[in-house]
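Below: one structure, written as structure tokens.
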Amino acid sequence: MQENYFYHALKIDKKQCIGCTHCISVCPTQAIRIINGKAEIIQNRCVDCGECYKACPVSAIKVEDNDLNIINKFKYKVALIPAILRSQFPDNINESKIFDSLIQIGFTHVYEVELSADLISKKVKEELKSKNCVKPLISSFCPAIVRLIQVKFPSLIDNIIKIKPPIDITALYIKKHLSENGVDPKDIGIFYITPCAAKIAAIYSPVGEIKSVVNGTFNLNNIYNRIFKNLIKNNEKDNNSQKINLTKTQLTWCLTNGEAKNYSCKSLSIDGIQNVIEYLEKIETQKIKDVDFLELRACDESCAGGILNVQNRFLSVEKMMKLSKENTNTNFVSKITDYKEFLEKKILIEDIKPRSMIKLDENLDQAINKMEKIQKIMNFLPKIDCGACGAPTCLALAEDIAQNKADISQCIFLKKNINTDKTVEKIWGKNRFKNIEDYES
Amino acid sequence: MQFEYKIKGGDFSEAGTISSKLKKILKQLNIDNKIIKKVVIALYEAEVNVIAHAYNGKVNIDIDTEKIEINIKDKGPGIENIAKAMEKGFSTATSKVREMGFGAGMGLPNIKKNSDKLDIKSKVSEGTNLKIITFLNK
Ligand SMILES: Nc1ncnc2c1ncn2[C@@H]1O[C@H](COP(=O)(O)OP(=O)(O)OP(=O)(O)O)[C@@H](O)[C@H]1O
Ligand code: SF4
Ligand SMILES: [Mg+2]
């Protein structure tokens, strides 16, 4: 059984889109086509990695955001923030100032997502030691990667660790903790300040869970602006507020090697979705042996490179590393450890289902027919991958044609007389279009 | 449906290129993941054997609704004693090759394990033919 509804936070603003080819050519799952002069996302291929958002020259790709007022539906309004938020501000703005600002904006509580990192790392270590552990174990942290594996590497689904990412576990902890202190769980609204589109998709259509404990999300860049406004308005001297420390593991968890470094076995950390794809292609053909753990992140520099961050990712990493060296209070014990048993019971996710986008047809006979058709079409197409047909590559067009989703006349090089045009010949070589005559006849 | 690829002897950096291509094709054909794994491992080992032991080779793949048939034909020294070559751990690889992580003598046994039918023909100082068949509806 395959799931067929997916929420995506990335949306194309048709008014702004100029219908160029930047996004179609960077998309790692070939999920975008140009139709009627505008980009369109094929919903069941998109993994919300944000590559298109970064590539768009006119900022026509948007990440959906919520109105801050939605927090007012709840009596207790919890801001769940990623540790990386700390690194978005200058050095003299410490976390307590950020926390205070969030309270002034209207939240009643502030928690950091990574509080549950130590709990997770302990669980992963146990799993790595267990006898029937499928190796390499792949982290479930980055939702874009989990989705990438679902659509492009279904054979590796069992390698994804069945442990919830920190956001879910910390949200569970918050709910439990507050309700034990007399708060009605119905009155608690937990809102995640997100650095990326993938996390939004993970909250509104989670994988391996029925419903997320988190009630909603706000984009980090917008919250950043609000905090910023607050900070310049307040303008008061440092009110001597206490530093709120995370452990070193927690602080660095979302950075590259933040997870992998906790495990003494052979573990790799790979960031950047193209790098991840290259590696997963390799392990699918079994060419890499003996690797136990894979930390895979869609963004370059992991969550420091999240598309909704404000700070340059390299500066952000530098600041997080500095904080982890200077500030870490190793004696800091968060209350979360009091809930260890409760949380450990809820830490597992259910089966993740494949949703392969690669297969040409369920039926083998049909699939073979379509593939033969693709081979035939590829004989005619010029293999320039220009994108003028609206598909990212000639092969993608051929696949679309075989699936009845496109027509061969979309290829601008299959127009009459192009094979005898001297200018075209000078650029693309004499033999490039030699099959066109066969196509025409 | 047929596919043909060439292999150059000695070019270890290219090991696995053809099996990767076949993997992509089988994924597109919606073949069961377990079968894909088997076929890809078998072809990978055969590919490496041509690279490691022969001068050059050719891979022909034929896929229909019943089976996947892979023929690997090489020009090379050939195998003197096929039964012996099939034994786990038997290898003529030099210690240098072994240092590079090849030559454990597990290739042919692995191909055998991961195929439904394996047929080897070889002529000394001419070359080796491998036919690997995997059935799709079992
Ligand atoms: N295509 C071939 N041409 C010539 N000799 C071969 C060929 N394939 C295998 N052999 C011979 O058979 C032996 C066993 O092959 P096998 O693939 O089982 O092990 P290997 O290649 O030596 O090591 P491994 O495959 O574990 O890296 C080889 O050492 C080689 O002597
Ligand atoms: S690496 Fe981090 S910021 Fe980037 S998509 Fe994954 S979870 Fe989001
Ligand atoms: Mg071998």
Side-chain angles (χ1 to χ4, degrees), chain A residues 2 29-30 45 134 148-160 277-291 352-379 393 395-396 398-403, chain B residues 1-5 12-48 51-52 59 61-70 100-102 104 106-107 110-111 113-114 134-138:
Chain A
Q2 309 225 340
T29 57
Q30 301 199 316
R45 285 188 170 211
V134 187
L148 177 76
I149 292 173
Q150 281 183 296
V151 304
K152 216 174 147 90
F153 299 97
S155 73
L156 297 174
I157 279 187
D158 292 336
N159 296 63
I160 303 174
I277 290 172
E278 184 194 321
Y279 191 81
L280 294 182
E281 297 273 4
K282 277 225 156 101
I283 48 172
E284 258 200 338
T285 14
Q286 292 260 325
K287 278 186 292 176
I288 304 167
K289 292 183 187 118
D290 314 324
V291 174
I352 300 172
K353 290 174 186 132
R355 47 187 187 94
S356 168
M357 54 154 225
I358 301 163
K359 60 168 184 259
L360 295 169
D361 207 291
E362 293 283 348
N363 175 287
L364 180 57
D365 210 14
Q366 289 300 318
I368 291 179
N369 278 339
K370 287 179 182 173
M371 189 170 281
E372 280 172 340
K373 198 168 171 191
I374 292 168
Q375 280 183 315
K376 238 182 252 154
I377 298 166
M378 283 308 284
N379 276 329
T393 59
L395 183 59
E399 287 170 0
D400 286 354
I401 297 168
Q403 303 276 31
Chain B
M1 189 174 26
Q2 284 154 2
F3 302 88
E4 185 176 301
Y5 306 99
F12 281 92
S13 67
E14 287 290 304
T17 331
I18 304 172
S19 36
S20 289
K21 283 186 180 142
L22 179 61
K23 184 198 68 190
K24 195 187 165 208
I25 292 167
L26 298 181
K27 275 165 97 174
Q28 284 190 304
L29 295 179
N30 199 28
I31 305 280
D32 185 80
N33 281 326
K34 287 195 191 79
I35 298 183
I36 297 185
K37 236 179 203 156
K38 276 175 50 180
V39 178
V40 166
I41 293 172
L43 177 55
Y44 174 70
E45 291 292 355
E47 219 182 309
V48 175
I51 295 171
V59 179
I61 302 169
D62 195 344
I63 306 171
D64 60 36
T65 49
E66 252 108 69
K67 61 179 186 318
I68 303 165
E69 182 177 324
I70 306 174
M100 297 295 294
F102 297 94
M106 288 307 290
N110 243 337
I111 299 174
K113 200 176 91 192
N114 287 292
T134 310
F135 295 105
L136 296 175
N137 319 297
K138 270 181 305 174

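Letters A, B, ... are given to chains in the order of the sequence lines, protein chains preceding strands, and every chain is numbered from 1.
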Ranking A:E372, A:M371, A:K370 by heavy-atom pairs under 4.5 Å to chain B gives rank one to A:M371
Cut-off 4.5 Å, heavy atoms of chain A, and the answer for B:L43 is neither
When the 4.5 angstrom heavy-atom criterion is applied to A:Q375 and chain B, the contacting part is side chain
Across all chains, not counting sequence neighbours, the side-chain hydrogen bond (donor to acceptor under 3.5 Å, both in side chains) partners of A:D400 are A:R33
> Under 3.5 Å, is there a donor-acceptor pair between the side chain of A:T29 and the main chain of A:R45?
Replying inline: yes
Sorted by chain and residue number, the side-chain hydrogen bond (donor to acceptor under 3.5 Å, both in side chains) partners of B:K21 (sequence neighbours excluded) come out as none
Shortest non-hydrogen pair, A:S356 vs A:I358, comes out as OG-N, 3.1 Å
Okay, B:K23 and chain A: the region with an atom under 4.5 Å from a heavy atom over there is side chain
message: Is any side-chain heavy atom of B:V59 closer than 4.5 Å to one of B:F3?
response: no
Okay, A:D361 and chain B: the region with an atom under 4.5 Å from a heavy atom over there is backbone
